[in-house]
Amino acid sequence: MFGWFRRRHEDKLRWQTDRTQIMYLLPENPREYLDPLSRAEVARRTEWLMEKFGLVKEGVVGCARHVVGTGLSMWLDTTDLDWNREAEEDFLRYSLTKSRFDIAGRRDFYDAQTTAPQQLFARGEFFAANRRNPRWDGEPCVQLFDTTEIETPESMEDDAHVYDGVKLGEFMEPVAYYARKAGGGHEPIPAGEMFHWYEPTGVNQIRGQSAFSPVVDKLVDWRDLEKLVIQTAKTHSALALAVKSMAKVGGRGAFNNVRRRDPSAPESADNAALERAFPGLVAYLGADREVQVINSQSPTDKLEPFLTNLIAPDVFLALGVPAEFFWNPAKQGTASRFILARADLRFSILADALIYGWCTGVAFRYLSHRIQSGKLRAPSDPNWAAKINFQKPARITVDNGRDGNLELKQLADGADNLRGMFARRGLNWRPETRQWIREWIEFDTMLDAEKATPEQKARILAKWRAGMPGAGNPNQQQQQPDDPPDDPNAP
């Protein structure tokens, strides 16, 4: 039973008796902004709802999918171009090897990136600790923790500096996290070695709460309503036939003589066919033996608007995403650009938080170790650590695939650059531009192999593709080799 702690606020005006309530109080002690029991209970119910509702699971998994896409890939922007390529390839091999990246060997770097926002939405927080991998000569790796594994040891429950598994310093700053060990007991992990990702709503809030906390009760109502509708429909379908003008038989109720025909009934009233079709469900108790079919009225046509217009919007708004993005996209209408822009901003903010809060640190820690151990040469650029970048997924916009000419014009006019243009598509501009050059060289080599004359090569290359990105106005027609030269004095 929740709501009986003195430090919680009891909302008597909205008290209901059909379920347990989780109630909140803005406490005098700011570290108790979120009660541990309430936080754990909301997370538990959210996990249950994810098992029962495809809607909730898609909200969690779908949002995580848009935050990281196929993976936030690292790229380097130092002045040492050869080192950039070597380091990127080295880190990629590390990222894709589960036994190297994860001390438990369950996830590679890109799996962990997807797990992080999923945990953030469902549980309200994500934990990842820095470790050393004994299987790979002490290489840096990570250990992921479930939210239930960070808890206060029983011996420290009375310690004023330990709250909900977190040891606090003088200024309410986390000093250490107590993680449950597999063999029993707890291990204090220094705060500097633990990545704790959550979105606090209180200034000194220590632990995160599930994004679904505002709508848990509504989702439970939805589940109860769904069960009621299904049970009602099944009941009406089972009792498809009923007999009018029922009378008591033997004083023991109308259905006492089920499936027994009245011997005094005329032969023309033989209902043997109905008796075989619906055994045990037809009683012949009236003189006229009139049978009526009962049609189920559940669910009603008012149920779908109720869910679509009242409950579903709250579910997705709690995630920070417009309801129309996941639920009933056909209702976007003329507001589709605004809806997608809001969703894109939310996902972009979360991706940046994950990149700058965790991913960059993972890359720096690994590359530093490789350089110090001599397995990767040191770059000539001393500021290489400040030039670690991660490529985010493609932007969500209604203009995808439709604004190519505008982008090329802005690129040619200097209003855009290759990095920004490719980044909006979720691509890294360097390998894409290299591939463009390689294709040009390969095409030129193929022309030589086909013994094309210089005039033929010039004509074909001019028609094969537009000029190098940013080389000129994309709308300007290229001059053919056999065209007369432009007259500089022409108007």
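Only this structure's heavy atoms are used, side chains among them; waters, hydrogens and symmetry mates stay out.
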Can any side-chain N or O of [X] pair as donor or acceptor with the backbone N or O of [Y] at less than 3.5 Å?
| X | Y | value |
| --- | --- | --- |
| Arg135 | Ile103 | yes |
| Thr78 | Asp80 | yes |
| Trp83 | Ser380 | no |
| Glu51 | Trp48 | no |
| Asn84 | Trp75 | no |

Could you tell me whether [X] and [Y] make a salt bridge, using a distance below 4.0 angstrom between a side-chain N and a carboxylate O?
| X | Y | answer |
| --- | --- | --- |
| Arg131 | Asp102 | no |
| Glu47 | Lys52 | no |
| Glu88 | Arg85 | no |

TODO: Kindly assign one of parallel, tilted or perpendicular to the pair Trp358 and Phe195, based on the angle between their ring planes and the thresholds 30° and 60°.
DONE: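 Aromatic pair Trp358/Phe195 classed parallel.
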TODO: Please work out which of the three classes, parallel, tilted or perpendicular, describes the rings of Phe390 and Phe91, given edges at 30° and 60°.
DONE: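 Because their plane-to-plane angle is over 60°, the rings of Phe91 and Phe390 count as perpendicular.
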Task: Derivation of the side chain to side chain contact (heavy atoms under 4.5 Å, CB included) call for His161 and Met156 - done: CA-CA 9 Å; His161 296 284; Met156 296 184 175; over 6 Å; no
Is the distance between the ring centroids of [X] and [Y] under 6.0 Å?
| X | Y | answer |
| --- | --- | --- |
| Phe364 | Trp384 | yes |
| Tyr366 | Phe101 | no |
| Phe347 | Phe325 | yes |

Open item on the list: Show, in sequence, the C-alpha distance, side-chain angles and deciding distance for Arg180 and Asp146, and conclude whether the salt bridge (Lys or Arg N to Asp or Glu O under 4.0 Å) test is met.
Closed with: CA-CA 10 Å; Arg180 189 192 312 152; Asp146 190 271; over 6 Å; no
Do [X] and [Y] have side-chain heavy atoms sitting under 4.5 Å apart?
| X | Y | result |
| --- | --- | --- |
| Arg132 | Cys141 | no |
| Glu125 | Arg39 | yes |
| Arg342 | Val321 | no |

TODO: Starting from the C-alpha separation in whole Å, work towards a yes-or-no answer on side chain to side chain contact (heavy atoms under 4.5 Å, CB included) for Leu144 and Phe126.
DONE: CA-CA 8 Å; Leu144 306 185; Phe126 170 72; 3.6 Å; yes
TODO: Could you tell me which residues satisfy side chain to side chain donor-acceptor pair (under 3.5 Å) with Ser210, sequence neighbours excluded, listed by chain and number?
DONE: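 With neighbours one apart ignored, the set is Thr46.
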Open item on the list: If we check side-chain contact (heavy atoms from CB on, under 4.5 Å) with Lys392, which of these qualifies: Ile355, Leu354, Val68?
Closed with: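 Single pass found, and it is Ile355.
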Open item on the list: Once side chain to side chain contact (heavy atoms under 4.5 Å, CB included) is applied, do any residues pair with Ile349, and if so which ones, sequence neighbours excluded?
Closed with: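 Leu345.
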Task: Identified salt bridge (Lys or Arg N to Asp or Glu O under 4.0 Å) counterpart of Arg370 within the set Glu89, Glu139, Glu86 - done: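 Result: among Glu89, Glu139, Glu86, Glu139 is the only option passing the salt bridge (Lys or Arg N to Asp or Glu O under 4.0 Å) with Arg370.
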Crowded around [X] [atom1]? As in, over 12 foreign heavy atoms under 6.0 Å?
| X | atom1 | answer |
| --- | --- | --- |
| Lys387 | NZ | yes |
| Glu170 | CD | no |
| Arg106 | CZ | no |

Task: Working for side chain to side chain contact (heavy atoms under 4.5 Å, CB included), residues Gln118 and Val61 - done: CA-CA 6 Å; Gln118 287 180 358; Val61 177; 4.0 Å; yes
Open item on the list: Which residues pass the salt bridge (Lys or Arg N to Asp or Glu O under 4.0 Å) test with Arg65, not counting sequence neighbours?
Closed with: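 Partners of Arg65 by the salt bridge (Lys or Arg N to Asp or Glu O under 4.0 Å) criterion, ordered by chain and then number, come out as Glu58.
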